[in-house]
Amino acid sequence: MKISNRLTLLPNDAMQKKQKINEAIQETNKSFGETLKEATAAVNNLQAQAGEAVEKLVKGDPIDLHEVMIAAEKAKTSFELLMEVRNKAIDAYREIMRMQV
């Protein structure tokens, strides 16, 4: 009986897995512009958090120096990564323009 019960559940499980896969595919089918906007917003958020941490430190609020430094480095590193992605996108655009001429 247990085997037959499991066999009847297999199609439903397979359908649920297929539906989850389709949802994941739809989430990953974002345009480059949408992905870039999300990355820019994330970098902006990290920079705002770093700014808040620095403000707390300057005001004398209870915050550890290493937390401030970690927040600042995260913001710096994410910004540098975003700039490199931008530079590579511009280089690719220029290369495509050269190919069309």
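All heavy atoms count here, side chains included; hydrogens, waters and symmetry mates do not.
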Inset, instruction - Identify, with sequence neighbours excluded, every residue that meets salt bridge (charged side-chain N to carboxylate O under 4.0 Å, His left out) alongside Glu84. - result: none
Please report, to 0.1 Å, the donor-acceptor pairs under 3.5 Å made by any side chain of residues 64-74, with sequence neighbours excluded.
none

Legend entry - salt bridge (Lys or Arg N to Asp or Glu O under 4.0 Å) pairs, two or more places apart, involving residues 42-61: none
Identify each donor-acceptor pair in which a side-chain atom of residues 35-45 lies under 3.5 Å from a protein atom, sequence neighbours left out, and give them as a table.
{"residue": "Thr35", "atom": "OG1", "partner": "Ser31", "partner atom": "O", "Å": "3.0"}
{"residue": "Glu38", "atom": "OE1", "partner": "Lys30", "partner atom": "NZ", "Å": "3.3"}
{"residue": "Glu38", "atom": "OE2", "partner": "Lys30", "partner atom": "NZ", "Å": "3.0"}
{"residue": "Thr40", "atom": "OG1", "partner": "Leu36", "partner atom": "O", "Å": "2.8"}

Inset, instruction - Would you list the pairs meeting salt bridge (Lys or Arg N to Asp or Glu O under 4.0 Å) in which at least one residue belongs to residues 87-97, sequence neighbours left out? - result: Glu95-Arg98
Inset, instruction - Report whether Phe32 and Met83 are members of the same hydrophobic cluster (ILVMFWY, side-chain heavy atoms less than 4.5 Å apart, transitive linking). - result: yes
Inset, instruction - Consider only side-chain heavy atoms of I, L, V, M, F, W and Y, link residues closer than 4.5 Å, and tell whether Val85 and Tyr93 are in one cluster. - result: no
